[in-house]
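Heavy-atom basis, side chains included; hydrogens, waters and symmetry copies ignored. A quick note: this is a predicted structure, and the numbers were derived from the prediction, not measured. In the text below, chain A, chain B and the rest are named by the order of the sequence lines, each starting its count at 1.
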There are 2 protein chains.
Amino acid sequence: MKNNVISGVKCTDCPIQHRAVCSRCDHAELMLLESMKKYRSFKAGEAIFWRGDDLTYVASVIEGVATLEKTMEDGRTQMVGLLLPSDFIGHPGRTRIDFDVTAASDVVLCCFDRAPFDQLLKDVPHISQRMIELAMDELDAARDWMLLLGRKTAGEKIATFVEMVVRRQHFDRKDGMRPDLVLPLSRGDIANYLGLTVETVSRQIGKLKSDGILEFIDKRRFRVIDLERLQQATGDDDDGGVIV
Amino acid sequence: MKNNVISGVKCTDCPIQHRAVCSRCDHAELMLLESMKKYRSFKAGEAIFWRGDDLTYVASVIEGVATLEKTMEDGRTQMVGLLLPSDFIGHPGRTRIDFDVTAASDVVLCCFDRAPFDQLLKDVPHISQRMIELAMDELDAARDWMLLLGRKTAGEKIATFVEMVVRRQHFDRKDGMRPDLVLPLSRGDIANYLGLTVETVSRQIGKLKSDGILEFIDKRRFRVIDLERLQQATGDDDDGGVIV
DNA sequence: CCGACCGTTTGATGTAGGTCAAGTTTTTGA
DNA sequence: TCAAAAACTTGACCTACATCAAACGGTCGG
């Protein structure tokens, strides 16, 4: 999310993926990736990888939302990662994963077979560099998430989640209008993200609504009425954070 | 913690640090590190880095325990990292940190000034490789920790923590005797690790004692009476996990 | 050797959020 | 187009853990 340098290069077909893999690639390397890529689609709810699977390919999310989840023997589950478009699956040196990867909505991935991709990483150091940056961003995110899970109240958790969604979707139209924002997850998935139950999520979203902080078009689509109060409700230090 | 390949090389002075930085370094590179290192000591409770600090040096923990903590404006804090001997502070490409690093006990660090260390990483690819492995291990640990914070009960949290301590300290004496194990953190720090309060930690440790799972020599030193039941109490899938 | 202090334990009580149980709305699919 | 299923909301109740309060060692400085 940081260092979001977008080069002036025009990507031929799937710009997002290349931005994710490498924010400063020149045309030659783009072509190299182009020739390797292969799309895969998953329907909502479908498994992308199971815990323990070999990662036969790495992938960039093009469309939709995928989740990383851990499950206890008795069925309790906790989301431990959320993949939105431009996010990447597959880490340096990791060929197995210890969590399930699931499509939370219909998902399109841009995939690269492991072996040639690993070779590419060896040959093109700055792509490898970019992969490490992505992994470090994930570690930072995981730590914020731990604070949320360990110490925040239900209200703060919801506010933090919504604020994160707003931040990731924040963009201004040319005409100055703000488009409606959309929650990328179902109530159940949000609960799973925040370590809560569906009922609590529902109630707390209701509270944001009745407090006049959010306004809902339908269950998924909403608008922010009072951004300042939303941010206050997160409980975070408001040192801003760069908008991406 | 994984890939714990210890080379046959005899380290001259501080073996642990070299194992942490590089598990397969040969003598020449060892000497290179030797010439760069510089010890720093911290007393229990002392700050090692503050949130927002520039990392002027990276470091390997030689003795003692350090913690990474996040704090909310109102003072609530959550531990987001625990550094035991052989753990490393400083990540590829990260020169600032977004959490406080504190000495939980008296700590000795083996430090390397940032600039020359970064140069070393450029020159010696497999040390850089090792750094990435360490970071990936941390990410894996963070995800297990998230499951713990989000979904485990107080009892499961404590059991998981104790089991982790047992695993990290597990080693057999030549005479076959098991040495006493020692909790590396105070009750307060354990609470902070697990997203609980001191009182709850105290009560749950008391429960492990009265259930005949643990036996205490004093508040810190203990022995495991029933490892199997301890592991069951963690709620984790018992697919073992390699002992380090 | 003693008193202040800190870390810990223990008990009594309060409450945020979980659980259980209906409803209601939205989506699906035939 | 309509019925069945899934997703979401709402309410009543319950419990695990937090909070508040007090007491109990250890340890450290004088």
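- Rounded to a whole Å, the CD1 atom of Ile190(A) is 9 Å from the P atom of dT9(D).
- Within the structure, every pair that satisfies the salt bridge (charged side-chain N to carboxylate O under 4.0 Å, His left out) test and touches residues 226-235 of chain A, not counting sequence neighbours, is listed here: Asp226(A)-Arg229(A).
- Looking at Asp236(B) and Gln231(B), their side chains never come closer than 4.5 Å, going by heavy atoms from C-beta outward.
- None of Val61(A), Val107(A), Ile48(A) except one satisfies the side-chain contact (heavy atoms from CB on, under 4.5 Å) rule with Leu83(A); the exception is Val61(A).
- Note: CG (Asn192(B)) to C1' (dG7(C)) measures 15 Å, nearest angstrom.
- At whole-Å resolution of the value, NZ in Lys207(B) and C1' in dC17(D) are 15 Å apart.
- Residue contacts shown for Gly188(B) are limited to sugar-phosphate atoms, with no base heavy atom under 4.0 Å away.
- Listed by chain and number, the residues in a ring pair (Phe, Tyr, Trp, His ring centres under 6.0 Å) with Phe42(A) amount to none (sequence neighbours excluded).
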Show, in sequence, the C-alpha distance, side-chain angles and deciding distance for Ile158(B) and Leu208(B), and conclude whether the side chain to side chain contact (heavy atoms under 4.5 Å, CB included) test is met. CA-CA 9 Å; Ile158(B) 294 287; Leu208(B) 284 180; 3.7 Å; yes

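- How far CE of Met72(A) is from CG of Leu148(B): 8.5 Å, rounded to the nearest 0.5 Å.
- Between its opening and closing five pairs, the helix from dC1(C)-dG30(D) to dA30(C)-dT1(D) changes axis direction by 50°, a value rounded to 10 degrees.
- Residue pairs that meet the ring-ring contact (aromatic ring centres under 6.0 Å, His included) test with at least one member in residues 51-82 of chain A, sequence neighbours left out, are Phe49(A)-Tyr57(A).
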Protein proximity profile, nucleotides 13-30 of chain C - base contact B, sugar-phosphate-only contact S, no contact -, cut-off 4.0 Å on heavy atoms: ----SSBB----------

Considering only distance and modelled atom types, tabulate donor-acceptor pairs under 3.5 Å from the side chains of residues 200-207 of chain A, sequence neighbours left out.
residue, atom, partner, partner atom, Å
Thr200(A), OG1, Thr197(A), OG1, 3.1
Lys207(A), NZ, Asp211(A), OD2, 3.0

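- Atom pair Leu185(A):CG and dC8(D):C1' shows a separation of 15 Å (rounding to whole Å applied).
- In this entry the distance linking CZ of Phe222(A) with P of dC8(D) reads 15 Å, nearest Å.
- For Ile158(B) and dT8(C), the CD1 to P distance is 12 Å, given to the nearest whole Å.
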